[in-house]
Visitor: 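What follows is a single structure, and I will ask about it in a moment.
Every chain is numbered from 1, with letters handed out A, B, ... down the list of sequences. Heavy-atom basis, side chains included; hydrogens, waters and symmetry copies ignored.
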Amino acid sequence: MSSSQDDIKSNILTTTIESAVNWGRKNSLWPMPFGTACCGIEFMAVLAARTDIARFGAEAIRFSPRQSDLLIVAGRISLKMMPVLIRIYEQMPEPKWVVSMGACASTGGVFDTYSVIQGVDQFIPVDVYVPGCPPRPEGVVESLLKIQELVDTDKLSDYELSNSK
Amino acid sequence: MSLKETIASVKESFSEAVLDVTECSGEQIVHVKGDGVFSILQLFKDEGFDFLADLTAVDNMNLGGFERFAVVYHLLSHKFLMRVTVKAYINEKNPILPSVESLWKTADWQEREVYDLFGISFENHPDLTRIMNPEAFDGHPLRKDYPRKGRTERIDFPQVMRGIKKENKTE
Amino acid sequence: MNRVTIETPETDRMVLNFGPHHPATHGTLRIILELEGETITKATPEIGYLHSGFEKLGEDLDYNQYITITDRMNYLSPLCNNVAFSLVAEKLIGLEVSKRTEYIRVLMCELSRIADHLLNVGMLAVDLGAMTAFLYGFRVREDIYDLFEAATGTRLTTSYTLVGGLIRDIPDGYDKAVLQVLKEVDEVTNDIETLLNKNKIWLDRTKGIGIISKDDAYSYGISGPLARAAGIDWDLREKEPYSSYEDFDFDVVIALNGDVFDRYLVRMEEIRQSVKICREVLEKMPPGEVNVDPDLGFSLPPKDEVYNSIEGLIYHFEVTMPNRGMTPPVGEAYVPTESPNGELGFYIVSDGTRTPYRVRTRPPSFINYSIFSKLAEGHMLSDVPAILGSFNIIAGELDR
């Protein structure tokens, strides 16, 4: 009798579905890098040996928006690219998060010209901004941790209505 | 043949089309009329300038010059290790130049770029369409009368909202 | 797309949209491919997805400000861009920089070339399914980035040069750090070659693919490693030496076949030549100032003077304020340099004010890329990443 109770204690863990789901989501983010310019090169450095983002469970880079839940906009977005970005964002399944990496994606950066979008947050919702031109790899890791915090606060009840439209 | 001699022979053969020959920062610049540029460049090519290093344009609106636009050809001779600049001038009412795509294939994209950014057309070009800007783009951004920050093109996109879940959150 | 010529696709003919966001395009290239089975019948590159108006921006920034913009043009080798722009501005003004400055610039350019070629070979390998070469290359790249960071303060957007000099001298003990990294570069180059040179898959996928003929290279304006792989003995560092390249002993690397494999070989050998140049620069590095005489009114005063003395601060403002600052003479200049991708030239027209009237970049990526459609035709679909990878197209430079 007592031995089976011990088994229950050591093998069963009670939690809510919400925190279990969030725990799973936040530790296996699948990023989709939308790298266009210099920040894309720094994003490669984030993936490579020194700043290995596999440590945070986010190394499964997917170039298909349908398989990913974190969009990393890295680099300046031009007039011709913006419709592509919008389309990619729309193709990502919910729930999804967006990181705007670097000055150009967040504000246009030094490129205050006719063809550069002055911040992608005018057109798509952005959750975390990473400053820097380009940001250091450590900055990108920090943004990933911030996204994990956001994922952790997600409420499952928010999704109930999502099929009603 | 030295560069000076080549330029002298060009000047002699096309005395009508050559407007001036100047030197700036050690570079020889041959200023020519727009409609004569093809045969002049062909002569340069026959004289050993086998490489069109760069093709671009300058809008002379505030600078002054023979005409509003100058299309600039930087030629290079691999054999003689020489470079020469040819500037072809055209006015803004009828900005059409002969295409040099038949002399150098590299002119194909570069002329498209000049067409896109300056609005200068090239006769006999195989596919003269915009290359940098979207095809629906209005105007030619590198002209001096085009504002740097553009008109309204960079804010002219639909706004995508968050999914239902996040909207609920803000309410 | 209005350039697609197939009206009604038959059973084995199709139109494939490659990009603009495809992992093998490393950025923002788009190619519209028409296929017959798996064979490409027509390839139409569509560019402009990163057009950022560099040249328009240059008309509103002064010469030193524009150097920061050139970093973002070719972000694999920003120092080469910095140096190229400084050279053209100096030519326009008629400034002569010190030997030490020129040597440091050469050192930085060659380190950039090593970093660029390592990344290029690594990415080409990744696209063809060989991950290890990328990881090896990136490890040394990080070390080279550390060198850049020690000298310039940042990893990627360096803005190291000024018109008439450098923002600062290289730090003490830099030569030892560089030599250490160069040793690693040597090892990694050998490692990568051991992995790839006799690898059957690698050879099958690169040999005889995307051959550029000599005549085409001239006609399409191809320069850099692509031209040298096609057998053209042309290296601006040797033929039109700038920044004291004539002081150093190195070989121009050429290959004969002009295919993807030869481009890879040329790049690997160029890494070795660059290592050799770097060692020679460090050996011969002369002492002296890195900036031209401040009395000429072009160079900024040293930062300690700016922060610690009122004269230095006033002088700093004299150079940088909008209505003051340097005013180059009216005129124009074009300077070609040998960037890792080929002939990188800047063409400036000055109207005598503090901002250039027109800044044009002769972008090697853009001009090299125009031959792509010709090369791709007749090849298989899976050869597209190989050809693209061997071109080393940098979207920032391609579209500007």
Side-chain angles (χ1 to χ4, degrees), chain B residues 22-27 29 45 50-65 70 72 74 76 78 81-85 87 101-110 112-114 116-118 127 129-135 137 141-144 146-150 154, chain C residues 2-3 44-53 55-57 59-60 88 91-94 215-223 227 232-234 236 239-240 329-336 343 345 347-352 357-358 360-363 366-371 374 398-400:
Chain B
T22 56
E23 195 184 318
C24 190
S25 325
E27 291 166 21
I29 304 163
K45 194 186 174 189
D50 51 354
F51 197 79
L52 176 63
D54 189 25
L55 189 161
T56 184
V58 179
D59 180 356
N60 289 325
M61 193 169 90
N62 308 325
L63 188 70
V72 188
H74 291 280
L76 161 70
H78 280 94
L81 274 178
M82 296 185 300
R83 282 178 191 270
V84 69
T85 309
K87 289 179 99 169
E101 195 263 350
S102 52
L103 298 179
W104 295 281
K105 292 278 181 219
T106 179
D108 180 354
W109 279 24
Q110 302 198 51
R112 276 176 70 189
E113 191 188 354
V114 170
D116 185 357
L117 302 178
F118 286 92
D127 177 26
T129 45
R130 285 191 186 271
I131 188 163
M132 293 297 177
N133 289 308
E135 274 173 37
F137 193 84
L142 277 186
R143 286 188 175 189
K144 285 283 172 184
Y146 197 90
R148 170 166 62 88
K149 295 185 183 180
R154 64 182 188 185
Chain C
N2 55 357
R3 280 191 217 111
T44 316
E46 172 83 20
I47 67 168
Y49 287 94
L50 196 58
H51 179 56
S52 323
E55 292 175 7
K56 190 80 180 174
L57 195 58
E59 293 168 9
D60 273 8
V88 69
K91 181 176 178 185
L92 185 69
I93 298 166
D215 289 343
D216 275 351
Y218 284 123
S219 177
Y220 279 89
I222 308 291
S223 53
I232 296 177
D233 179 12
W234 186 261
L236 290 167
K239 300 288 180 189
E240 299 177 49
V330 181
E332 59 181 75
Y334 176 77
V335 175
E343 178 176 331
Y347 171 62
I348 294 185
V349 180
S350 161
D351 58 352
Y357 185 77
R358 167 103 173 89
R360 154 80 178 169
T361 319
R362 191 260 185 213
F366 175 68
I367 290 164
N368 291 350
Y369 192 35
S370 63
I371 200 174
K374 188 173 176 178
L398 175 77
D399 296 338
R400 284 153 292 127

Visitor: At a 4.5 Å cut-off on heavy atoms, which part of Y347(C) comes close to chain B: side chain, backbone, both, or neither?
Guide: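 Contact with chain B is through the side chain of Y347(C) alone.
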Visitor: Does K105(B) make a cation-pi contact with Y218(C), if we ask for NZ or CZ under 6.0 Å from the ring centre and within 45° of the axis?
Guide: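 Pair K105(B)/Y218(C) does not count as cation-pi.
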Visitor: Contact part of D60(C) toward chain B, heavy-atom cut-off under 4.5 Å: side chain, backbone, both or neither?
Guide: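 For D60(C), the side chain is the part near chain B, not the backbone.
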Visitor: D116(B) side chain to N133(B) main-chain N or O, any donor-acceptor pair under 3.5 Å?
Guide: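 The answer is yes, because a donor-acceptor pair under 3.5 Å joins these two groups.
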Visitor: So which residue, L55(B), N62(B), T22(B), L117(B), ends up with the most heavy-atom pairs under 4.5 Å with chain C?
Guide: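 Between L55(B), N62(B), T22(B), L117(B), the count favours N62(B).
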Visitor: Looking at the rings of F51(B) and W234(C), which for Trp means the six-membered one, are their centres under 6.0 Å apart?
Guide: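 No, too far apart.
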Visitor: Between E343(C) and chain B, which part of the residue has a heavy atom less than 4.5 Å away: side chain, backbone, both or neither?
Guide: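 Side chain only.
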Visitor: Checking R154(B) against chain C: side chain, backbone, both or neither under 4.5 Å from a heavy atom?
Guide: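 Neither part.
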Visitor: Which atoms of I348(C) come close to chain B, meaning under 4.5 Å heavy atom to heavy atom: side chain ones, backbone ones, both, or neither?
Guide: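 Neither part.
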Visitor: Considering only heavy atoms and a distance below 4.5 Å, find which of V58(B), D50(B), L103(B) pairs most often with chain C.
Guide: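 Winner by heavy-atom pair count: V58(B).
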Visitor: Pick one of side chain, backbone, both or neither for L57(C), based on which atoms fall under 4.5 Å of a heavy atom in chain B.
Guide: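 L57(C) touches chain B through backbone and side-chain heavy atoms alike.
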Visitor: Measure from NZ or CZ of R143(B) to the centre of the six-membered ring of F118(B), then state whether that distance is under 6.0 Å and the direction lies within 45° of the axis.
Guide: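 Judged by the rule, R143(B) and F118(B) form no cation-pi pair.
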Visitor: Only one of V72(B), T56(B), D54(B) passes side chain to side chain contact (heavy atoms under 4.5 Å, CB included) with Y334(C); say which it is.
Guide: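 Result for side chain to side chain contact (heavy atoms under 4.5 Å, CB included) with Y334(C): D54(B).
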